[in-house]
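Inspection log for the structure reproduced underneath, given as structure tokens.
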Amino acid sequence: MHYTYLGRTGLKVSKVCLGTMNFGMVTDEPTAFTIMDAALDSGINFFDTADVYGGPQTPDMAQGFGTSEEIIGNWLSKDTNRRNQIVLSTKVYQPMGLGPNDKYLSAYHIRKACEDSLRRLKTDHIDLYQMHHIDHRTPWEEIWQAMELLVQQGKVLYVGSSNFGGWHIATAQAAAKARNFMGLVSEQSLYNLTARMIELEVIPSCRHHGLGIIPWSPLGGGLLGGVLGKESGTRRASKSKEIEKYRPQLEAYESLCAELGEQPADVALAWLLHNPVVTAPIVGPRTQEQLASSLKALDVSLSPDTLKRLDEIWPGPGGEAPEAYAW
């Protein structure tokens, strides 16, 4: 396993992060245990979840919320040594009930959500506590005061963001600096060859402020996993419109991967890892076999010519702002 620092921190994490969004909703507890065992055995020490994972993520359907955290907590409780072997991250923001204060980033909700996550995870601290979305209504003074208290109490070690814009990160860091607080250390964003908008402002902001990027959906919901070369199935059928939309690019992409002698999924992950601002893409395996397959990307090296060809197939926004559109 390869390890890297989480942003500007001194914390080392595996360059592949185990995503657990499927736990409870798609993957049952015994299978989830098998996946986590295999992840730990392979050297993966970075586990990601969220309080809302495990149930349908709609504000009017609270059934199943917290199941992913509960499964992880049950796994941790089976062997107390496991907790000190992993970097455990979860999130706060999404609705966890039907009450007016059961969501977002008020100090009220942050405190309660953290306590609830700790209980479900069966642990006394969260290594990386991530804000799942920006809260446009709650001031940063309130958010940072709540986070500082959790850090002081030893319940949270590091704070991260998810789905933030570049200016959100800059604003958050300025407010944290004014309080002599470390602020954000990571940003979890949608990022893959088919979705490169964060190259405009989020990645430059993260690089400037020392945040590590944790890409979610690194395979574009399966599109970059060799979808054309696989037999027709439910997952492919559900992606039929997207496949047709990107068919010429997918054909060129899978042809390039075949030329390289690499699996499309491995090339997609290797491309992300080529970016020095990227800490670890999140993989969400449904089976132990899928997890093992994801690890092969760590040994894939992409030449400058290959990177150029990938840019031609999957062009991004043209670089960083403002040069991308004003030069």
Side-chain angles (χ1 to χ4, degrees), residues 1-2 4 14-17 19 166 187-207 212-233 235-236 238-285 290-327:
M1 179 54 63
H2 303 285
T4 188
S14 51
K15 295 194 74 171
V16 170
C17 178
E187 159 60 23
Q188 190 173 137
S189 282
L190 172 64
Y191 189 36
N192 58 61
L193 279 165
T194 73
R196 299 177 56 174
M197 286 300 293
I198 70 167
E199 293 174 3
L200 274 174
E201 299 197 12
V202 174
I203 288 181
S205 183
C206 287
R207 183 174 60 242
I213 295 281
I214 307 170
W216 60 267
S217 192
L219 301 184
L223 283 177
L224 298 170
V227 68
L228 296 183
K230 295 178 180 178
E231 294 183 359
S232 179
R235 185 169 175 81
R236 179 176 175 180
S238 67
K239 291 283 183 181
S240 59
K241 289 184 178 180
E242 290 182 81
I243 291 172
E244 292 310 312
K245 177 182 177 181
Y246 293 110
R247 180 170 290 278
Q249 291 164 282
L250 289 169
E251 290 174 348
Y253 175 65
E254 293 189 20
S255 176
L256 172 59
C257 293
E259 181 183 326
L260 296 172
E262 304 288 356
Q263 293 299 314
D266 296 339
V267 172
L269 292 174
W271 176 81
L272 287 170
L273 290 168
H274 175 78
N275 190 324
V277 186
V278 169
T279 293
I282 296 175
V283 298
Q290 287 181 348
L291 173 66
S293 179
S294 298
L295 300 181
K296 297 175 183 177
L298 294 169
D299 298 318
V300 175
S301 179
L302 303 178
S303 69
D305 178 65
T306 298
L307 292 170
K308 180 181 179 182
R309 292 174 67 183
L310 287 171
D311 279 337
E312 292 171 350
I313 296 170
W314 303 107
E320 299 178 358
E323 289 84 353
Y325 51 78
W327 251 246

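Just so it is clear, the structure is predicted and the values come from calculations on it, not from any experiment. Index from 1, following the sequence. No hydrogens, no waters, no symmetry mates; every other heavy atom, side chains included, goes into these values.
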Hey, is CE on M1 packed in by over 12 heavy atoms from elsewhere, all under 6.0 Å?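 Atom CE in M1 is crowded, with more than 12 foreign heavy atoms closer than 6.0 Å.
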
Judged by atom type as modelled, is there a donor-acceptor pair below 3.5 Å linking the side chain of [X] to the main-chain atoms of [Y]?
X    : Y    : answer
E187 : C206 : no
S189 : Y191 : no
E251 : Y246 : no
N192 : L219 : no

Using every non-hydrogen atom in the two residues, find where [X] and [Y] come nearest and quote the distance to one decimal.
X    : Y    : result
A268 : P218 : CB-O, 4.1 Å
P204 : L200 : CG-O, 3.5 Å
G166 : S205 : O-OG, 3.1 Å
P264 : G225 : CB-C, 4.0 Å
L250 : L223 : CD2-O, 3.3 Å
S217 : L190 : CB-CD1, 3.7 Å

For E244, is there an ion pair with R247 - N to carboxylate O distance below 4.0 angstrom?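 E244 and R247: salt-bridged.
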
Rounded distance (nearest 0.5 Å) linking atom [atom1] of [X] with atom [atom2] of [Y]:
X    : Y    : atom1 : atom2 : answer
I203 : I198 : CD1   : CD1   : 4.0 Å
E262 : L256 : CD    : CG    : 10.5 Å
Q290 : L295 : CD    : CG    : 12.0 Å
Q263 : L269 : CD    : CG    : 12.0 Å

Which donor-acceptor pairs under 3.5 Å do side chains of residues 309-327 form with protein atoms, sequence neighbours excluded?
unit_1	atom_1	unit_2	atom_2	d
R309	NH1	E259	OE2	2.9
R309	NH2	E259	OE1	3.1
D311	OD1	R196	NH1	2.9
D311	OD1	R196	NH2	3.0
E320	OE1	R207	NH2	3.0
E320	OE2	R207	NH1	3.1
E320	OE2	R207	NH2	2.9

Show, in sequence, the C-alpha distance, side-chain angles and deciding distance for H2 and V16, and conclude whether the side-chain contact (heavy atoms from CB on, under 4.5 Å) test is met. CA-CA 8 Å; H2 303 285; V16 170; over 6 Å; no

Report yes if the side chains of L302 and V300 come closer than 4.5 Å at any heavy-atom pair, otherwise no.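 Yes; the side chains approach each other to less than 4.5 Å.
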
Between W271 and Y253, does the ring centre distance come in under 6.0 Å?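 Distance test on ring centres: not under 6.0 Å, no.
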
Quick one: side chains of residues 272-281, donor-acceptor pairs under 3.5 Å with protein atoms, not counting sequence neighbours, listed by atom name and distance.
unit_1	atom_1	unit_2	atom_2	d
N275	OD1	V277	N	3.0

Could you walk me through whether D266 and D299 satisfy the side-chain contact (heavy atoms from CB on, under 4.5 Å) test, starting with their C-alpha distance in whole Å, then the side-chain angles of each, then the deciding distance to 0.1 Å, before giving a yes or no? CA-CA 9 Å; D266 296 339; D299 298 318; over 6 Å; no

